[in-house]
Colleague: 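For reference, the structure I am asking about is given below.
Just so you know, ligand 1 is whichever comes first in the structure, and atom 1 is the first atom listed for that ligand.
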Amino acid sequence: MHILPEHFPFRVFEGFAGYGGASFGLIRSGVRHQVIGFSEVDNDAIELYQYNFPNVRNYGDITQINPNDLPDFEIFTGGFPCQPFSTVGKRQGQEDERGRGTLFGDIIRICEVKQPQYILLENVKGLLTGKMKHTFDIIIAELNRIGYDVQYAVLNSKDYGIPQTRERLWIFGKLGHLPKGFDMVPPTLPLQGYLADFLDKNPTPDLYKSQKQIARIHEIHHNEKFDVKEPLCYDIYNRKIRYDRICMTVTPPEHNVIRIIEPIKNGEERFRKLSLSEHFRLMGFRMDGKDNEIEFPPTQNYTKLGRRAGNGWDVNLVGILLNHIFSQLL
Ligand SMILES: C[S@@+](CC[C@H](N)C(=O)[O-])C[C@H]1O[C@@H](n2cnc3c(N)ncnc32)[C@H](O)[C@@H]1O
């Protein structure tokens, strides 16, 4: 379904852009829009973003942006890095009870001046509990203070079609009031396939561990021979095979916790890393080799691109979420 906002152009500012999860998600959502700028500081992320969206300007470090220098926009999006906010005075006034001095504080600083109609934020679900709960309460209070009616929800990629357990907190705000009955949570959808269906047909040999390395894993993890009927995810951190046929949360390769176990071949166990296409397929991208939804700059290697996937938005989920939200609003 295509959604044409009443007042087109529907302009987007993409904060903390990474690979452009909001841009890819908006394209998927069918909401007609125009991204008027993004903010990102990581050079590899900037290169990847502009390789795919060459005409969008990077406004750089969000802490240095003067909101008056930005063009107007209708929606601010951002998956912001989040540190707990201290209370007044604890850190020599660097941070305060409004989160000023934090990256969230910069979202508020910009949106208070620019007053976009909508704000979509993302974070880890841990923000709702323990020590982070105080920070979460400040986030909601600050969004309310600058005029936004807010809903939030934890959504899991596996409930919207992608065989990955990835729980993320989504916060959506509308300037003024959300309409009565508005519900940001899209109805759940069946899986598009199990993990095995999301893997490459012919993974390259360099991804596989040697028989010696596999023997070492068995020794350290005290487990039996890996004998499975279909490819499954092995969680190195918790030392167990996931028999639910889906993948654990995709993380940057330096965390190094996901492995794929394939059925024994020619009497040998098969144990390997995820390929780059698999990383991105599990983040919702169409990666069929000929017509990939995201293109990789030739300068970037496995670690750099894998890091983007591990930190990125599931673009399948974002498309569903934005379509669901804006079909109730525009
Ligand atoms: C969790 S990732 C966001 C991923 C993104 N939503 C995507 O789909 O790829 C957070 C991003 O914020 C960026 N970042 C960190 N500090 C920043 C700053 N001061 N200004 C702008 N971006 C920043 C990081 O480089 C990182 O790419």
Colleague: If hydrophobic clusters are built by linking Ile, Leu, Val, Met, Phe, Trp and Tyr wherever their side-chain heavy atoms come under 4.5 Å apart, do Leu195 and Ile264 end up in the same one?
Modeller: no
Colleague: May I ask you to decide if Gly284's main-chain N or O and Arg28's side chain share a donor-acceptor pair within less than 3.5 Å?
Modeller: yes
Colleague: Identify, by atom number and element, the atoms of ligand 1 in contact range of Ser39, meaning under 4.0 Å from any of its heavy atoms.
Modeller: 20 (N), 21 (C), 22 (N)
Colleague: Which residue and atom name correspond to the protein heavy atom nearest atom 17 (C) of ligand 1, and how close is it?
Modeller: Val41 CG2, 3.5 Å
Colleague: Report yes or no: does Asn311 contribute a side-chain atom to a donor-acceptor pair with the main-chain N or O of Arg308 at less than 3.5 Å?
Modeller: no
Colleague: Give the numbers and elements of all ligand 1 atoms closer than 4.0 Å to a heavy atom of Gly312.
Modeller: 7 (C), 8 (O), 9 (O)
Colleague: Within a strict 4.5 Å, meaning less than it, do heavy atoms of the Thr165 and Met248 side chains meet?
Modeller: no
Colleague: Among His221, Arg239, Arg259, find the one that has a side chain to side chain donor-acceptor pair (under 3.5 Å) with Tyr234.
Modeller: His221
Colleague: Answer side chain, backbone, both or neither: which part of Pro81 comes under 4.0 Å from ligand 1, heavy atoms only.
Modeller: side chain
Colleague: If you measure every N/O of Gly21 against every N/O of ligand 1, is any gap under 3.5 Å?
Modeller: yes
Colleague: Could you tell me which atoms of ligand 1, counted from 1 in the order shown, lie closer than 4.0 angstrom to a heavy atom of Asp61?
Modeller: 18 (C), 19 (N), 20 (N)
Colleague: At what distance is the nearest protein heavy atom to atom 6 (N) of ligand 1, and which residue and atom is it?
Modeller: Trp313 NE1, 3.2 Å
Colleague: Would you mind running through ligand 1 and noting each atom that sits below 4.0 Å from a heavy atom of Leu103?
Modeller: 16 (N), 19 (N)
Colleague: With a distance cut-off below 6.0 Å to the six-membered ring centre and an angular limit of 45° from the axis, does Arg272 pair with Tyr208 as a cation-pi contact?
Modeller: yes
Colleague: With ring pair (Phe, Tyr, Trp, His ring centres under 6.0 Å) as the test, pick out the partner of Tyr19 among Phe280, Phe53, Tyr49.
Modeller: Phe280
Colleague: Is the closest basic N to carboxylate O distance between Lys304 and Asp44 below 4.0 Å?
Modeller: yes
Colleague: If you measure every N or O of Thr63 against every N or O of ligand 1, does any of those distances drop under 3.5 Å?
Modeller: no
Colleague: Check this for me - ligand 1, Ala45, N or O atoms closer than 3.5 angstrom, yes or no?
Modeller: no
Colleague: At what distance is the nearest protein heavy atom to atom 9 (O) of ligand 1, and which residue and atom is it?
Modeller: Tyr19 N, 2.9 Å
Colleague: To check your reading of the model: name the closest protein heavy atom to atom 20 (N) of ligand 1, its residue, and the distance in Å.
Modeller: Ile62 N, 2.9 Å
Colleague: Is the shortest N/O to N/O distance between Asn311 and ligand 1 below 3.5 Å?
Modeller: no
Colleague: Could you label the plane-to-plane angle of the Phe104 and Phe80 rings as parallel, tilted or perpendicular, counting under 30° as parallel and over 60° as perpendicular?
Modeller: tilted
Colleague: Charged N to carboxylate O below 4.0 Å: is that the case for Arg245 and Glu230?
Modeller: yes
Colleague: For atom 3 (C) of ligand 1, what is the closest protein heavy atom, and at what distance to 0.1 Å?
Modeller: Phe16 O, 3.3 Å
Colleague: Is a salt bridge present between Arg242 and Asp244, judged by a nitrogen-to-oxygen distance below 4.0 Å?
Modeller: yes
Colleague: Quick one: which of Ala17, Ser23, Gly78, Gly79 has a heavy atom closest to atom 10 (C) of ligand 1?
Modeller: Gly79
Colleague: Hey, does Glu40 come in under 3.5 Å of ligand 1, counting only N/O atoms on both sides?
Modeller: yes
Colleague: Side chain, backbone, both or neither: which part of Asp106 comes within less than 4.0 Å of ligand 1 when only heavy atoms are counted?
Modeller: neither
